[in-house]
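Lettering of chains follows the sequences in order, A, B, ..., and the numbering in each one begins at 1.
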There are 2 protein chains.
Amino acid sequence: MPSADLGAATPDGRAAVTIETVLDAALTLFAERGYHGTALSEIAEALGIRTPSLYNHMQSKQQLLETIVRRTLDDVLVDFETAVAGFDDPVEQLRSATRVYALRHATHRREALVVNRDTTSLPEPQLTTMRERRRDHERAIRTIITQGAERGQFNVGNAGLASFAILEMSVSIARWFREDGPLTAEQVADEYADFALRIVRYRP
Amino acid sequence: MPSADLGAATPDGRAAVTIETVLDAALTLFAERGYHGTALSEIAEALGIRTPSLYNHMQSKQQLLETIVRRTLDDVLVDFETAVAGFDDPVEQLRSATRVYALRHATHRREALVVNRDTTSLPEPQLTTMRERRRDHERAIRTIITQGAERGQFNVGNAGLASFAILEMSVSIARWFREDGPLTAEQVADEYADFALRIVRYRP
DNA sequence: GCACATGACTTATGAGCGTTAGCTAGTCCC
DNA sequence: GGGACTAGCTAACGCTCATAAGTCATGTGC
């Protein structure tokens, strides 16, 4: 239970409520029922407080969603950049980027589900920002594929199609992965990295 | 605009409202804003009537969602069975099944978005039914892959992982495909069928 | 040991939701 | 031409929502 470790306990023994524990509870419930399907009263109940007390820690329900989405997309981009930074070879870049992306979707399932389902519920200035961030990521993958194709390492008709397929098959790991399943997150990520290289027809 | 062709016009010139036009309007809005994010008043407005008049054609909002999901999943299974029926070879079965599935997600984007996003909003007896229907489909794909592997046509570590990847990358076509884009639905479907065969390491 | 900040509480408000009831004006069939 | 049916309407319901305002106990720093 991650929420138990996020803050100190109050003297009377109850877990301390902070913006982080609120975000964590919201994340769990948004992932389960969706943003519009989750009531603030349910978030409050999960924390053992009344609904209005939530406003001691947050500004609005919408802001919770925005924080969750923004943080997640930021983390994804950082992940991607560090994953790619160490390599010059498009083959290893694509393998590493896919591995890290797949791994993240196995280990951060809640975040992935919320971002994929409820980003469109954000109001308009932010919605465009978030969409651009995702598009940046897609384009970066596409560029790697194009470079690999130019060097003759990959053989792919349409780089955009391949990058979509690679990203989206990884995203959906969050839909079915279970920690107590037969495969570890690392094993799944390694397999998916292989899938990616096969999709772009990498011939060693 | 498909809704224009769904029914006859009334004598006063307005498009006739039927359960089919209601479903069509609901489908569009659910796909756009999600089930919980769509108000009945918005569906009514799209049809040019007041909210309570909807109840002349339907029983409840939830029933609209259930009908949409059930019809879509039924169609997918029929699609799959006819796609596979003509072939004995797992290679051609997987190619045909993926092609049809991908094609459907390019040509029935709204249905795909609603099913993938809002099936979980169904009440419990139906939710399980729908989930089982999806699992049946996944298992059928997995069986094809396993058979191909047994015949030495495919070389895949984990058939389940491959079937998930194939299905989910196809599903997400609904997220980005545009009718007026550079590729036709058929072209995308053919590419994705190739992706599927590469994922399972088919060597002709 | 008092002052203050914190963070819970209760209570309330206004908006919007899905839904029901009851009415009315057309249309179709006999 | 009159009764049944269809499909719209207004009004109002009961509920839940997000949010606001004010109160009160508690723990910490001076």
Side-chain angles (χ1 to χ4, degrees), chain A residues 3-4 6-27 29-30 32-69 114 118 121-123 126, chain B residues 3 6-30 32-69 114 118 121-123 126:
Chain A
S3 58
L6 282 175
T10 50
D12 58 338
R14 287 193 306 182
V17 173
T18 67
I19 177 63
E20 293 305 321
T21 62
V22 172
L23 281 168
D24 188 73
L27 184 54
L29 287 164
F30 288 172
E32 218 171 84
R33 315 163 166 23
Y35 174 70
H36 285 298
T38 303
L40 284 188
S41 59
E42 297 174 302
I43 299 176
E45 196 186 7
L47 294 164
I49 63 175
R50 306 293 171 135
T51 308
S53 301
L54 288 172
Y55 287 84
N56 289 321
H57 308 282
M58 64 177 217
Q59 286 180 20
S60 69
K61 187 189 179 188
Q62 213 165 61
Q63 189 215 20
L64 289 181
L65 177 62
E66 196 216 317
T67 303
I68 289 170
V69 173
V114 173
D118 294 314
S121 296
L122 285 174
Q126 287 106 328
Chain B
S3 59
L6 282 173
T10 51
D12 59 337
R14 287 193 304 182
V17 174
T18 66
I19 177 61
E20 294 306 321
T21 63
V22 173
L23 282 169
D24 188 72
L27 184 54
T28 298
L29 287 164
F30 289 172
E32 218 170 86
R33 312 159 161 37
Y35 174 71
H36 285 299
T38 302
L40 284 186
S41 60
E42 297 174 302
I43 299 175
E45 197 186 7
L47 294 164
I49 62 176
R50 305 293 171 137
T51 308
S53 302
L54 288 172
Y55 286 83
N56 289 321
H57 308 282
M58 64 177 215
Q59 285 179 20
S60 69
K61 187 187 179 189
Q62 212 165 62
Q63 190 214 23
L64 289 181
L65 177 61
E66 197 216 316
T67 302
I68 289 170
V69 173
V114 172
D118 294 314
S121 296
L122 286 173
Q126 288 107 328

Only one of A:Leu29, A:Asp24, A:Leu23 clears side chain to side chain contact (heavy atoms under 4.5 Å, CB included) with A:Ile43; which?
A:Leu29
Could you tell me if the side chain of B:Leu54 sits less than 4.5 Å from the side chain of B:Leu47, heavy atoms only?
yes
Using a cut-off of under 3.5 Å, enumerate the N/O to N/O pairs linking the protein to nucleotides 19-21 of chain C.
| residue | atom | partner | partner atom | Å |
| --- | --- | --- | --- | --- |
| C:dT19 | OP2 | B:Tyr55 | OH | 2.6 |
| C:dT19 | OP2 | B:Lys61 | N | 3.1 |
| C:dT19 | O5' | B:Tyr55 | OH | 2.9 |

How many Å lie between CD1 on A:Ile49 and P on D:dA18, as a whole number?
14 Å
Report the distance from atom CD of B:Glu42 to atom P of C:dG16, rounded to the nearest whole Å.
12 Å
B:Ile43 atom CD1 is separated from C:dC17 atom C1', nearest whole Å, by 13 Å
Within this structure, what is the CG-to-P distance between B:Asn56 and C:dA25, rounded to whole angstrom?
16 Å
Which whole-number value in Å describes the distance from B:Arg50 CZ to D:dA12 P?
16 Å
Within-4.5 Å side-chain heavy-atom neighbours: B:Leu40 and B:Met58:
yes
Kindly indicate whether the side chain of B:Tyr35, heavy atoms from C-beta on, has any atom under 4.5 Å from the side chain of B:Leu122.
no
Can you measure B:Glu45 atom CD to C:dC17 atom C1' for me and round it to whole angstrom units?
16 Å
Rounded interatomic separation in angstrom, taking NE2 from B:His57 and C1' from D:dG8:
8 Å
Phosphate OP1/OP2 of D:dC9 contacted by B:Ser53 side-chain N/O (<4.0 Å):
yes
5′-ward residue of the pair B:Leu54/A:Ser41 relative to DNA chain D
B:Leu54
For the atom pair CD (B:Glu32) and OG1 (B:Thr38), what is the distance rounded to the nearest 0.5 Å?
8.0 Å
Supply the atom-to-atom distance A:Leu64 CG to A:His57 NE2, rounded to the nearest 0.5 angstrom.
11.5 Å
